[in-house]
Trainee: 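Attaching a single structure in structure tokens format; questions to follow.
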2 protein chains.
Amino acid sequence: MEKQTITIYDVAREASVSMATVSRVVNGNPNVKPATRKKVLEVIDRLDYRPNAVARGLASKKTTTVGVIIPDVTNMFFSSLARGIDDVATMYKYNIILANSDENSQKEVQVLNTLLAKQVDGLIYMGHEISDEVRAEFSRSKTPIVLAGSVDPDEQVGSVNIDYVEAVKAATTKLIEDGNKQVALITGPMRQPINGQYRLKGYKQALDAAGIAYDESLVFETEYSYNAGMAAFKQMQKIGATAAVVGDDELAVGVLDGAVDAGVSIPDDFELITSNNTKLTEMARPQLTSIDQPLYDIGAVAMRLLTKMMNKEDIDAKTVMLGFDITERNSTK
Amino acid sequence: MEKQTITIYDVAREASVSMATVSRVVNGNPNVKPATRKKVLEVIDRLDYRPNAVARGLASKKTTTVGVIIPDVTNMFFSSLARGIDDVATMYKYNIILANSDENSQKEVQVLNTLLAKQVDGLIYMGHEISDEVRAEFSRSKTPIVLAGSVDPDEQVGSVNIDYVEAVKAATTKLIEDGNKQVALITGPMRQPINGQYRLKGYKQALDAAGIAYDESLVFETEYSYNAGMAAFKQMQKIGATAAVVGDDELAVGVLDGAVDAGVSIPDDFELITSNNTKLTEMARPQLTSIDQPLYDIGAVAMRLLTKMMNKEDIDAKTVMLGFDITERNSTK
DNA sequence: CTGAAAGCGCTAACAG
DNA sequence: CTGTTAGCGCTTTCAG
């Protein structure tokens with residue numbers, strides 16, 4: 001009365017061969033006489049046999065499943081990465097166990113452990129920052145790990161990114177060249193390396209190169225939300241900023257709408273460059289100029305790198321940097 | 001020299017008990033003397049033992065993993081559902097294997113089979129339409145299945161939705177009451193039940209109730225994309241429509257921007273109601289009035305329903321309809 | 001090219 | 001309350 005499963009044993013019996021042989025044909029082992037292979041395949045088809053992946057996993061110690069830790073699937077930035085990950089995973093016959101972490105370190109550790117308990121062959125981690133607890137789990141684990149779109153200051157695991165320093169530097173420089181003297185940087189917590197170490201560094205480099213003094217009050221540390229963007233715009237208006245590099249698209253749309261709602265004309269009176277080039281940049285009015293990170297590719301390359309690691313192939317470089325562009329739209333002159 | 005795993009047997013030996021006892025404490029079986037439980041827990045902790053979920057799955061025939069088929073994680077509509085699904089899955093100790101299908105029937109069947117091979121305890125399917133091949137797989141499978149945000153005309157499996165007929169009827173009615181004589185309906189393929197059977201029906205009912213004749217040329221069948229929306233607006237302008245009910249938010253933003261770009265004032269000269277109330281509706285300018293489907297809840301309830309089915313609990317109703325609202329913003333008068 | 005047999009790590013009766 | 005004993009369904013030597 002249960003889901004009466006037909007096993008490899010049933011197939012063996014019906015085909016008058018041993019389970020070993022059935023196993024061989026299922027696994028594409030070439031050491032099987034074409035005739036018997038044909039016979040077995042026919043029985044498999046007739047019985048509608050489907051190998052039990054769990055049993056397979058136990059016996060072979062491979063699950064062809066990788067764990068993916070994502071802050072929030074609902075966030076376009078991460079879901080774009082996830083799509084790239086899943087596509088190449090599928091390409092290499094892996095499945096993905098997706099787990100939302102809300103960037104909560106405790107949840108991350110928790111999820112990490114259940115993923116390892118499920119014997120995933122590899123792990124992809126997304127998130128703006130790696131807490132010490134998570135880092136500890138990483139180094140304790142023998143399972144291959146790759147970070148997608150997040151930086152690992154000590155390069156213990158693989159990672160795929162763009163050069164955030166250069167990207168922000170380029171964006172800031174463009175704004176300066178457009179004639180802006182007061183360019184703001186609006187982004188997430190400086191505690192997170194991508195902001196505190198990379199974006200801020202690129203921003204300062206651009207300022208330096210243009211001979212403009214760094215003004216701390218032009219740097220806004222905020223959460224990545226639409227409302228935070230609207231609030232940030234008000235602040236900027238107060239201190240006279242005329243342009244901004246923004247670290248997140250939703251945040252940038254907030255800044256944009258804050259300006260529009262305040263009757264400030266973009267890009268004439270205020271210029272804006274955002275960072276992720278998600279669909280939002282095209283849907284906003286005016287459309288947003290953006291650093292163009294190849295999100296899908298970052299995910300895809302991360303997964304590809306992971307397949308190599310799981311396969312124990314030689315890796316040229318554990319840390320890969322993909323190129324970026326700046327896509328100019330109508331929020332800049 | 002592989003990842004030297006410590007097994008339940010190691011724990012048993014170290015704690016001087018049988019593996020059965022270790023298994024009992026790991027599984028919270030109350031039939032263990034507190035003292036021995038304590039001893040075992042201590043050893044587990046000391047050895048850093050982590051039960052192998054694959055072996056567990058093979059022995060118990062439960063994987064505490066459910067398969068989730070999603071057209072595209074990158075689509076806010078579906079990712080919102082997915083978030084609801086994952087949250088309640090986590091709540092009930094399940095993990096999610098997420099697979100993108102691109103609404104491609106062949107891929108769906110393929111994915112369905114690998115998911116079943118991995119012995120998932122249940123399945124959640126998202127997608128606008130269920131092909132005959134997929135339907136066939138559904139009925140062939142003994143694994144519990146729930147549809148989230150998609151309708152199943154023959155109710156073979158569980159499903160969670162809102163009443164699309166009523167929702168579109170309400171939206172259309174509002175537009176008519178605002179004085180529009182030419183209300184368009186812009187949505188996906190009529191082949192898909194949600195459009196052809198439900199939305200169209202609700203649209204016609206509203207027209208009927210208002211004594212307005214149905215005009216086929218006011219119904220647009222298109223893909224769910226920003227560009228399709230811009231194109232649709234041009235069409236509508238040609239035939240003199242003054243309002244539209246749109247089946248997808250990204251599509252609606254396209255319509256909106258098409259209007260804005262053409263210098264048409266919204267809502268004065270054209271009114272718009274969209275369907276999914278994703279963040280996009282708030283980021284657009286003017287902000288979009290929308291049918292408010294509780295996306296997260298649909299996902300959450302679908303997963304909850306699935307847990308009941310996996311648990312063989314009694315279900316009051318396999319098909320559940322959640323309520324909806326219409327959130328008025330600035331694309332309607 | 002094929003079969004026999006020993007596990008993989010854990011759960012689940014069944015005794016006691 | 002605890003231990004023994006079969007498996008779960010498949011992979012993988014090891015012979016032949």
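What you see below is based on every heavy atom in this structure, not just the backbone, and it leaves out hydrogens, waters and symmetry mates. Sequence lines set the chain letters: A, B, ... in the order given, protein chains first and strands last, and positions in each chain run from 1. If you're wondering where the values come from, they're calculated on a predicted model, not measured in any experiment.
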Trainee: Please table the atom pairs, donor to acceptor, closer than 3.5 Å between any side-chain atom in residues 23-32 of chain B and protein atoms at least two apart or in another chain.
Mentor:
unit_1 : atom_1 : unit_2 : atom_2 : d
B:S23  : OG     : B:N27  : ND2    : 3.2
B:N27  : OD1    : B:R56  : NH1    : 3.0
B:N27  : ND2    : B:S23  : O      : 2.8
B:N29  : OD1    : B:N31  : N      : 2.7

Trainee: Rounded to whole angstroms, how far apart are CG on A:L58 and C1' on C:dC8?
Mentor: 4 Å
Trainee: From NZ of B:K38 over to P of D:dT2, roughly how many Å is that when rounded to an integer?
Mentor: 14 Å
Trainee: Mind checking whether A:I85 and A:M126 have side chains closer than 4.5 Å, heavy atoms only?
Mentor: yes
Trainee: Roughly how many Å is it from CD1 in A:I6 to P in D:dC8, rounded to a whole number?
Mentor: 15 Å
Trainee: When you match A:S60 and B:P34 each to their closest nucleotide on DNA chain D, which lands nearer the 5' end?
Mentor: B:P34
Trainee: Could you state the CZ-P distance from B:R50 to C:dC10, rounded to the nearest angstrom?
Mentor: 12 Å
Trainee: Do A:M310 and A:V66 touch side chain to side chain, with heavy atoms closer than 4.5 Å?
Mentor: yes
Trainee: Should A:R140 and A:E137 count as an ion pair when the cut-off is N to O under 4.0 Å?
Mentor: yes
Trainee: Expressed as a whole number of angstroms, how long is the span from B:I8:CD1 to C:dG9:P?
Mentor: 11 Å
Trainee: Would you tell me if any nitrogen or oxygen in the side chain of A:Y9 comes within less than 4.0 Å of OP1 or OP2 on C:dG3?
Mentor: no
Trainee: Within this structure, what is the NZ-to-C1' distance between B:K118 and D:dG9, rounded to whole angstrom?
Mentor: 16 Å
Trainee: C:dA12 phosphate, OP1 or OP2: any side-chain N/O from B:K61 under 4.0 angstrom?
Mentor: no
Trainee: By a strict heavy-atom criterion of less than 4.0 Å, which residues belonging to residues 15-33 of chain A are in contact with DNA chain D?
Mentor: A:M19, A:A20, A:S23, A:N27
Trainee: Looking at A:R46 and A:E42, is there a salt bridge between them, counting it only when a charged N and a carboxylate O are closer than 4.0 Å?
Mentor: yes
Trainee: Does a nitrogen or oxygen in the side chain of B:T7 sit under 4.0 Å from OP1 or OP2 of C:dC8?
Mentor: no
Trainee: Quick one: side chain to side chain contact (heavy atoms under 4.5 Å, CB included) partners of A:K107, sequence neighbours excluded?
Mentor: A:D102, A:N104, B:R83
Trainee: Quick one: is B:K62 getting a side-chain N or O under 4.0 Å of the C:dT11 phosphate, OP1 or OP2?
Mentor: no
Trainee: What nucleotide, of C:dC10, D:dT12, D:dC10, holds the atom closest to the side chain of A:N52?
Mentor: D:dC10
Trainee: Using a 3.5 Å distance criterion without hydrogens, assess whether the side chain of B:K118 forms a donor-acceptor pair with backbone atoms of A:T63.
Mentor: yes
Trainee: Counting just side-chain N and O atoms, does A:T36 come under 4.0 Å of either OP1 or OP2 of C:dT2?
Mentor: yes
